[in-house]
There are 2 protein chains.
Amino acid sequence: MSVTTLHRPAHRDALGLLESAFGDGRMVTVFGRCRVEYDGRASSSLGPGDRLVVCKPDGTILVHTDENRKPVNWQPPGCTHQASVRDGRLRIRSERTSPDERLDVAFERLEQVSAYEVTDRSDLTLTGSEEDLRQRILEDPSLVEAGFEPTATERETAAGPVDLFGSDAADRPVVVELKRRRVGPSAASQLTRYVAAVDEEFPEEGVRGILVAPSVTDRTAAMLDERGLEFVALDPVGDGVSEGDSDVGSGDDAEPE
Amino acid sequence: MSVTTLHRPAHRDALGLLESAFGDGRMVTVFGRCRVEYDGRASSSLGPGDRLVVCKPDGTILVHTDENRKPVNWQPPGCTHQASVRDGRLRIRSERTSPDERLDVAFERLEQVSAYEVTDRSDLTLTGSEEDLRQRILEDPSLVEAGFEPTATERETAAGPVDLFGSDAADRPVVVELKRRRVGPSAASQLTRYVAAVDEEFPEEGVRGILVAPSVTDRTAAMLDERGLEFVALDPVGDGVSEGDSDVGSGDDAEPE
DNA sequence: TTTTTTATTTCGACT
DNA sequence: AGTCGAAGTAAAAAA
């Protein structure tokens, strides 16, 4: 059976399901009125209220209220879950070491306890990241500039690794800094440091610095200009349709951008 | 009724519950085999698999697999949920504008659909942060030292902003560095820099530097001593029980705001 | 509204 | 196990 659910169970019955689910790697949700205590890197205390608690077989625990994307309390993967009944309450405890952290959820009222078997899996493919931007340029370096030839990614310099390194049509060294979205002054500073560092290595070759991002703020554009650096506007994804589609192509909605 | 649950429902029945729950502000969980498509700031595609989907009345949607703390896909608060049946699949769509983002979850198999009424609430009070420590001192500066008077927080200096700035009973300038837990040498170095910077501003006034934290390492204590700096032991929270209350004001700790 | 800063950030890659 | 940097960071505070 893929899902087991108890509706308003006695604590004792809930305990049985939790222990069984924790034991055989099922995912669990508990909804009810509870208090939460956390102590570890910080400390917190949450008074009684209705919350949804999710326990994953990898040791993750999440306590969600009816608001916000972030759990109001949580514990990261790698923790050990333990259920017990104490003082007439169902308690779920999640602990880990290094750092020492402990989360206690004490239910005084249980509305629902469910355990789910997760068997089918499939991985996520995300596009539009800085890595995508890099890939896009490596596939077609002319997007940066005609004649640009990348020679290395993450090339080490005295100022740290640069995103992309290569040479232009005139064989001058080119340092490229990639950002997946609109950039502020910090990116210009970073590129400045990289160019200075590479300039030390190739003193007579006129090292160029190019910032590649969808756009820049005005102040940053001025800063780049002052420092003799360049900017190329480029999105991580092509403006046309370059998506990772997947399933049946039922003629779904056209997408006027 | 606080919880409504459908076990392996027909899409049509699930749709009814979802629309009703979205309408009257209930929280929803759906477990089953689904695909997920996201398009917005980035794009992603998630093939078929078993996932737990949580829809909150504030517009949040979370898609969780059985691993990791982070949802594999999500939508932040403020989005609008919509359920429909298309191509024999139950689809939940969540959209928002600025930025334009859309998340589609298409279930081909539904194991469980539940709707929860969240009535009782209680706010979290995270204690033990540096901000708590600052508040605690601002409320009672004598915790640092009798006669200490804070005049500014985050006061700018040549070495950066100091946590707390003020004067002692003898009117000497005092720089206070706050740490919410046991500190190592870096905190002493930081305080040293601040004191040096402020000393430039008040050359003849004998600027004092005080590190406030629960405790220090031995080496750090020695370092402070060498440099003529001081240490005050203080926790971000009072030593007694310091609960985050919110609703019923059972007579616990007095919290003079 | 947009920008800046913080976080029990999370997460992955690398040492 | 610690360190560093990116993230569809999220969320709060400030501008």
Side-chain angles (χ1 to χ4, degrees), chain A residues 36-46 58 60-64 67-79 94-103 124-134 153-154 156 159-163 177-187 190 213-214 217-220 235-237, chain B residues 36-46 58-63 67-79 94-103 124-132 134 153-154 160-161 163 180-181 184 186 236:
Chain A
V36 186
E37 300 287 330
Y38 158 73
D39 193 48
R41 287 165 289 178
S43 308
S44 75
S45 190
L46 188 52
D58 71 349
T60 303
I61 182 169
L62 310 169
V63 182
H64 275 281
E67 289 182 328
N68 286 326
R69 203 213 76 131
K70 267 181 74 168
V72 67
N73 275 116
W74 71 89
Q75 203 74 288
C79 300
S94 176
E95 296 181 282
R96 69 162 172 169
T97 54
S98 97
D100 271 357
E101 287 190 304
R102 193 183 64 232
L103 182 69
L124 178 74
T125 55
L126 180 75
T127 59
S129 64
E130 187 173 309
E131 178 56 29
D132 289 306
L133 180 55
R134 174 179 2 203
T153 63
E154 300 298 329
E156 279 302 332
V162 300
D163 290 333
E177 172 70 18
L178 305 175
K179 292 293 171 191
R180 57 177 294 282
R181 54 179 185 178
R182 185 175 174 86
V183 295
S186 64
Q190 198 175 353
T217 62
D218 289 351
R219 252 172 47 75
T220 305
D235 284 307
V237 289
Chain B
V36 186
E37 298 289 328
Y38 157 75
D39 194 48
R41 286 167 288 177
S43 305
S44 74
S45 192
L46 187 53
D58 72 347
T60 303
I61 183 169
L62 309 169
V63 182
E67 288 183 327
N68 287 329
R69 206 214 73 132
K70 270 180 72 171
V72 67
N73 275 118
W74 70 91
Q75 206 71 290
C79 300
S94 176
E95 296 180 282
R96 67 163 173 170
T97 54
S98 94
D100 271 357
E101 288 190 303
R102 193 183 63 228
L103 182 71
L124 174 73
T125 55
L126 178 77
T127 56
S129 68
E130 191 171 302
E131 178 56 27
D132 288 308
R134 168 165 29 192
T153 63
E154 300 298 328
D163 289 334
R180 65 177 194 78
R181 52 181 184 175
S186 64

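No hydrogens, no waters, no symmetry mates; every other heavy atom, side chains included, goes into these values. Fair warning: this is a prediction, and the values are worked out from it, not measured in the lab. Note on naming: letters A, B, ... go to the chains in the order of the sequence lines (proteins, then strands), and numbering restarts at 1 for each one.
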If every non-hydrogen atom of A:Cys79 is compared with every non-hydrogen atom of A:Ser94, which pair is closest and at what distance?
-> CB-OG, 3.2 Å
A:Pro77 versus B:Asn68, closest heavy-atom pair with distance =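 Heavy atoms of A:Pro77 and B:Asn68 come nearest at CG-CA, 3.9 Å.
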Partner set under side-chain contact (heavy atoms from CB on, under 4.5 Å) for A:Glu156, not counting sequence neighbours |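 Testing A:Glu156 for side-chain contact (heavy atoms from CB on, under 4.5 Å), a comparison that skips the adjacent residues, returns A:Pro161.
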Roughly how many Å is it from [atom1] in [X] to [atom2] in [N], rounded to a whole number?
{"X": "A:Arg134", "N": "D:dG5", "atom1": "CZ", "atom2": "P", "value": "14 Å"}
{"X": "A:Leu62", "N": "C:dT10", "atom1": "CG", "atom2": "P", "value": "11 Å"}
{"X": "A:Leu133", "N": "D:dA6", "atom1": "CG", "atom2": "C1'", "value": "13 Å"}

Integer angstrom distance from the P of D:dA11 to that of C:dC11 | 15 Å
How far, in whole Å, is D:dC4 from D:dG8 if one measures between their P atoms?
-> 22 Å
Worked check of side chain to side chain donor-acceptor pair (under 3.5 Å) between A:Tyr38 and A:Glu101 = CA-CA 8 Å; A:Tyr38 158 73; A:Glu101 287 190 304; 2.5 Å; yes
Interatomic distance, B:Leu46 atom CG to B:Leu103 atom CG [nearest 0.5 angstrom] = 9.5 Å
Please walk me through it: do A:Asp100 and A:Thr97 pass side chain to side chain donor-acceptor pair (under 3.5 Å)?
-> CA-CA 4 Å; A:Asp100 271 357; A:Thr97 54; 5.0 Å; no
Per-nucleotide protein contact string for nucleotides 7-15 of chain D, where B marks a base within reach and S marks sugar-phosphate only (heavy atoms under 4.0 Å, - for neither) = SBBSS----
